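Single-structure report; data block below.
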Amino acid sequence: LQLVESGGGLVQPGGSLRLSCTVSGVTPDYYIIAWFRQAPGKEREGVSYISSRGGSINYAVSVKGRFTISRDNAENTVYLQMNSLKPEDTAVYYCAVGVIATMSGLEYDLWGQGTQVTVSS
C-alpha cells in the first residue's frame with residue numbers, strides 16, 4: 001500500500017495549487033481519503049476528507065470556500081484544489097486513507113510522505 005502526494009510548491013498569496021494523492025496497492029473505492037497539514041511548530045490539522053464514492057465531503061473551517069476536494073477512482077487519485085491561498089496555508093500537506101469519515105488523524109492508517117506548500121510573496 002502506498003500513497004504519493006504531488007503538486008506542492010511556492011505560490012504567492014491569492015494564488016492556486018492543486019495537490020494530487022495517488023493510491024496504489026489498494027482499491028481506493030472503499031476508503032475515506034483525507035488531507036491533513038502540519039505547519040512548523042503547530043499540531044497536525046485535518047483539512048478535508050472525501051468518502052469512497054464522493055458522497056460525503058467535509059472541510060476545515062479555515063479552508064471552506066477556498067479548497068475543493070475531489071476523487072477519480074478510475075485513476076486512484078484524490079485531488080485538493082486550493083484557491084485564494086494565504087500565508088497561513090503554508091504547511092506540509094499529507095493525504096491519508098481510512099475507513100471512518102473524520103477529521104481526526106488518529107483514525108487514518110496509511111499516510112503519504114507529504115508535499116510542501118509555501119505561500120509567500
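Each residue takes its place number in the sequence, starting with 1. These numbers come from a predicted model, not from an experiment.
A donor-acceptor pair is defined here as one N or O able to donate and one able to accept, closer than 3.5 Å; no such pair exists between the side chain of Ser48 and the backbone of Tyr59. For Gln81 (side chain) and Phe67 (main-chain N/O), no donor-acceptor pair under 3.5 Å exists by modelled atom type.
Aromatic ring centres of Phe36 and Trp111: separated by under 6.0 Å.
Listed by first and then second residue, the disulfide (SG to SG under 2.5 Å) pairs involving residues 32-81 amount to none (not counting sequence neighbours). For the ring pair (Phe, Tyr, Trp, His ring centres under 6.0 Å) condition, no pair includes a residue of residues 37-57, sequence neighbours left out. Listed by first and then second residue, the disulfide (SG to SG under 2.5 Å) pairs involving residues 33-64 amount to none (not counting sequence neighbours). For the disulfide (SG to SG under 2.5 Å) condition, no pair includes a residue of residues 34-94, sequence neighbours left out.
Looking at heavy atoms from C-beta onward, Gln38 lies out of side-chain contact with Glu45 at the 4.5 angstrom threshold. Considering only heavy atoms from C-beta on, Ile50 comes within 4.5 Å of Val78 through its side chain.
For Val119, the side-chain contact (heavy atoms from CB on, under 4.5 Å) partners are Val11, Pro13, Leu85, Pro87, Asp89, Thr90, Val117, not counting sequence neighbours. A search for side chain to side chain donor-acceptor pair (under 3.5 Å) contacts involving Ser20 returns nothing, not counting sequence neighbours. Not counting sequence neighbours, the partners of Thr102 by the side-chain contact (heavy atoms from CB on, under 4.5 Å) test are Ile100, Ser104, Glu107, Tyr108. With sequence neighbours left out, the side chain to side chain donor-acceptor pair (under 3.5 Å) criterion links Ser16 to Asn83. Listed by chain and number, the residues in a side chain to side chain donor-acceptor pair (under 3.5 Å) with Tyr93 are Arg37 (sequence neighbours excluded). Scored by the side-chain contact (heavy atoms from CB on, under 4.5 Å) test, Ser70 finds Tyr79 as partners (sequence neighbours excluded). Scanning for side chain to side chain donor-acceptor pair (under 3.5 Å) contacts around Glu75 gives an empty result, with sequence neighbours left out. Residues that satisfy the side-chain contact (heavy atoms from CB on, under 4.5 Å) test with Ser24, not counting sequence neighbours, are Gln2.
Heavy-atom minimum distance, Gly46 versus Ala60: O-CB, 3.3 Å. When all heavy atoms are compared, the tightest approach of Val47 to Met103 is O-CE, 3.4 Å. Of all the heavy atoms in Thr115 and Gly8, the pair that sits closest is OG1-N, 3.2 Å.
By the criterion of side-chain heavy atoms lying less than 4.5 angstrom apart, applied directly or through intervening Ile, Leu, Val, Met, Phe, Trp or Tyr residues, Val99 is not grouped with Leu106; the two fall into different hydrophobic clusters.
Here the OG atom belonging to Ser56 is positioned 6.5 Å from the CD1 atom belonging to Ile32, to the nearest 0.5 angstrom. With values rounded to the nearest 0.5 angstrom, Thr22 atom OG1 is found 8.5 Å from Leu3 atom CG.
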Test side-chain contact (heavy atoms from CB on, under 4.5 Å) on Glu5 and Trp35; report intermediate values, then the result. CA-CA 10 Å; Glu5 301 98 334; Trp35 286 96; 3.8 Å; yes
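For the side chain to side chain contact (heavy atoms under 4.5 Å, CB included) test with Arg71, the passing option among Ile33, Asn76, Thr77, Ile57 is Ile33; the others fail.
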